[in-house]
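Read the numbers this way: they start at 1 and go in the same order the structure lists the ligands and their atoms.
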Amino acid sequence: MRTTAAIAPAKGQPFVVEPIEIEEPRADEVLVRIVAAGMCHTDLGFRDMFPWDRPIVLGHEGAGIVERVGANVTALVPGDRVVLTFDSCGRCRRCARGKPSYCDQFRPRNFGGARADRSSALKRDGGPLAGHFFGQSSFSGHAIATERNAIKVADDLPLERLGPLGCGIITGAGAVLNSLGVPTGASIAVFGAGAVGISGVMAARVAGATTIIAVDVKPARLALAMELGATHIVNAAQEDVVKRIRALTLGGADFSIDTTGVPDVLRQAVVALATLGVCGVIAGSEAPMTLPWRDVLYGRTVRGILEGDAIPSEFIPLLIELHRQGRFPFDRLVRYYPLAEINQAAQDSLNGETVKPILTF
Ligand code: CXF
Ligand code: ZN
């Protein structure tokens, strides 16, 4: 069938919105009509690295309605409202242990640009078009997913706002609630007050942390973090971050998370910890990590975390319930853009003007 998608044509190039063809779902797949899709920095990072040999449809925070299901699909039926999340195989050792974001096939299934058998459900003008980004490629009016990464959600909340639960929000909230297990009364410093960081701040409040410090360089983001649960804010452009965190926590934070992927910020996130403190690393780059060796030796932990260690079918409904109760107001992060304005959304995201853009279809 025909649909309209935003195509990333080549390395570093702006998106182009064009008609594409999308195949019918295979036996284990579902066809989803996308209602809205969040934009995450990973979409833009991959657009600018471009590890594919052909144009691709990106997007990995889709929300929509199931239109058709393959013959072997049992968990979903047409009409179900779903949030699309990262893909995993469901069979490897990490998947079996309930850790699907560390799936043996995480990279090919999420970044490979194709299904596991290297085919793509997408074409443009009959020519090659990569897809299946995070098992979805949801910057498109329709997307092919599977029942593992299409999570059924309740129908009493606006579907438009739920897409970011598929990646950015579970990444920040899951780091705090699942990976670090932040307990009541703990202190935590969150580096980066973007969508991932503020999700971590909101989750820290849910967990009962009593000192929640948001660190960023943008006053507007810091103000938003303060409204959504931070007890203190630190402007890293103006203050000595480590000194301030040590003062606020009587010597060092129990936990920190780095959402920036900037080597020097990660170093601060580790140095600002108390002895036995744990730093969650939830963004990264190819850059080497340079840390004061002795600080780590003295009982600190630096832990990489993908997708907030979430089991999406459990964690997404849990965050929706907290949201319904008014305890997780992630709607405060979003701004909507029609698909045709995707390049504006990307620019606003990169320069920090919009915390979480959501494209509408
Ligand atoms: C990404 C973060 C960087 C590593 C791969 C997964 N998650 C979502 O955007
Ligand atoms: Zn993402």
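- Residue-environment remark: OH (Tyr336) exceeds the threshold of 12 foreign heavy atoms within 6.0 Å.
- Cluster membership check: Val234 does not share its hydrophobic cluster with Leu222, using side-chain heavy-atom separations under 4.5 Å among Ile, Leu, Val, Met, Phe, Trp and Tyr.
- Scanning the protein heavy atoms around atom 7 (N) of ligand 1, the nearest turns out to be Glu307 OE2, 3.1 Å.
- Of the heavy atoms in Leu306, only side-chain atoms (C-beta onward) come closer than 4.0 Å to ligand 1.
- Any N or O atom pair closer than 3.5 Å counts here, and Thr171 shares no such pair with ligand 1.
- Here His41 fails the criterion, with no N, O or S atom under 2.8 Å of the Zn ion (ligand 2).
- With sequence neighbours left out, Leu276 forms a side chain to side chain contact (heavy atoms under 4.5 Å, CB included) with no residue at all.
- If you look at His60 next to ligand 1, the close heavy atoms, those under 4.0 Å, all belong to the side chain.
- For Arg2 and Glu21, the salt-bridge test passes: some basic side-chain N is under 4.0 Å from an acidic carboxylate O.
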Intermediate values then yes/no, salt bridge (charged side-chain N to carboxylate O under 4.0 Å, His left out), Asp155 and Arg81: CA-CA 7 Å; Asp155 56 13; Arg81 293 151 51 97; 5.2 Å; no
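- Protein heavy atom nearest atom 1 (C) of ligand 1, with residue, atom name and distance: Thr42 OG1, 3.8 Å.
- Within the 4.0 Å cut-off (strictly below), a protein heavy atom is located near atom 4 (C) of ligand 1.
- Taking the Zn ion (ligand 2) as reference, the nearest N/O/S atom within His60 carries the name NE2.
- If you number the atoms of ligand 1 from 1 as listed, the ones under 4.0 Å from a heavy atom of Cys40 come out as 9 (O).
- Look at Arg93 and Asp104 and you find no salt bridge, because none of the NZ, NE, NH1 or NH2 atoms lies under 4.0 Å from a carboxylate O.
- When each atom of ligand 1 is checked for a heavy atom of Phe111 under 4.0 Å away, the hits are 5 (C).
- Between Arg54 and Ser120 there is no side-chain heavy-atom pair separated by less than 4.5 Å.
- What sits closest to atom 8 (C) of ligand 1 on the protein, heavy atoms only, is Cys167 SG, 3.0 Å.
- Comment: Asp28 does not engage Arg115 in a salt bridge, judged by the lack of any side-chain N to carboxylate O separation of less than 4.0 angstrom.
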